[in-house]
Amino acid sequence: MLDKANQKLKNARVSLKAIRRSGDRLWLYVQGTFPPKPGSGKTKWHQQSIATGRQLTKIGVKSAIAIAQRIDAQLVEEMFDWKQWANVRSKDEKDFTAGDWVDSFKQD
């Protein structure tokens, strides 16, 4: 199932080369070369994985393919933002309190 999914990505010329599984529940991850995560201290793009939140099922694999395609489009358009794909915070957000989150939510 994963081999077919990865071949589909390759045929579509998606730069993300692999959907892989991990863990007992067979969670799916998109793997590729991404910019450094905020606060990581790294400066160059490198191989990383992004959790899709999907499990190894037929529907989960289809969804992971769509996620990989969406991420690839963001990378191509230079609109990729780790905040959308990973639970990471920039250095500016370190002191963001729960009250700040509530205020932000009220404004939205």
Side-chain angles (χ1 to χ4, degrees):
M1 192 178 328
L2 291 179
D3 290 338
K4 286 183 181 181
N6 287 320
Q7 187 61 47
K8 185 173 183 174
L9 290 172
K10 183 178 180 178
N11 292 344
R13 299 189 190 276
V14 172
S15 66
L16 306 172
K17 300 299 181 195
I19 294 176
R20 64 177 183 82
R21 64 184 186 189
S22 178
D24 294 338
R25 290 187 171 173
L26 304 177
W27 293 102
L28 298 175
Y29 291 79
V30 173
Q31 187 172 344
T33 302
F34 298 102
K37 291 180 182 176
S40 71
K42 297 190 178 194
T43 58
K44 295 183 180 180
W45 287 47
H46 58 283
Q47 283 287 312
Q48 299 179 73
S49 296
I50 295 177
T52 64
R54 307 302 190 268
Q55 291 188 7
L56 183 57
T57 64
K58 189 174 183 178
I59 293 171
V61 171
K62 284 184 180 183
S63 181
I65 289 170
I67 290 169
Q69 291 170 328
R70 200 168 36 216
I71 292 170
D72 182 65
Q74 290 179 353
L75 291 168
V76 168
E77 295 169 2
E78 298 180 2
M79 296 180 67
F80 179 83
D81 186 355
W82 271 111
K83 290 178 189 175
Q84 183 177 355
W85 299 107
N87 189 16
V88 297
R89 299 184 318 182
S90 69
K91 292 178 183 177
D92 297 337
E93 294 179 53
K94 269 189 178 169
D95 297 325
F96 209 67
T97 66
D100 294 329
W101 282 109
V102 170
D103 292 341
S104 177
F105 179 75
K106 287 179 181 177
Q107 287 176 358
D108 284 345

Pairwise distance NZ(Lys42) to CZ(Phe34) - rounded to 0.5 angstrom: 14.0 Å
- line: Correct closest heavy-atom pair for Val30 and Ala64 would be CG2-O, 4.1 Å
- request: Hey, could you give me the CD/CH2 distance between Gln55 and Trp27, rounded to the nearest 0.5 Å?
  value: 4.0 Å
field: Non-hydrogen atoms of Ser49 and Gln31 that approach each other most closely
entry: OG-CG, 3.9 Å
- line: So OG1 of Thr52 and OH of Tyr29: to nearest 0.5 Å the spacing works out to 8.0 Å
- prompt: Do you know the tightest heavy-atom contact between Ala68 and Val14?
  reply: O-CG1, 4.0 Å
message: If we ignore hydrogens and angles and just use 3.5 Å, is the side chain of Trp82 paired with the main-chain N or O of Pro35 as donor and acceptor?
response: yes
query: Can you tell me how far CD of Gln69 sits from CG of Leu16, rounded to the nearest 0.5 angstrom?
result: 10.0 Å
Exercise: identify the closest heavy-atom pair between Thr33 and Gln47: OG1-NE2, 2.8 Å
- request: Show your reasoning for whether side-chain contact (heavy atoms from CB on, under 4.5 Å) applies to Arg54 and Ile67.
  value: CA-CA 10 Å; Arg54 307 302 190 268; Ile67 290 169; 4.0 Å; yes
query: Taking atom types as modelled, is there a side-chain donor on Gln7 or Asn11 under 3.5 Å from an acceptor on the other?
result: yes
message: I need the Glu77 CD to Asp72 CG distance, nearest 0.5 Å.
response: 9.5 Å
message: If I take atom NZ from residue Lys62 and atom OG1 from residue Thr57, how far apart are they, to the nearest 0.5 angstrom?
response: 10.0 Å
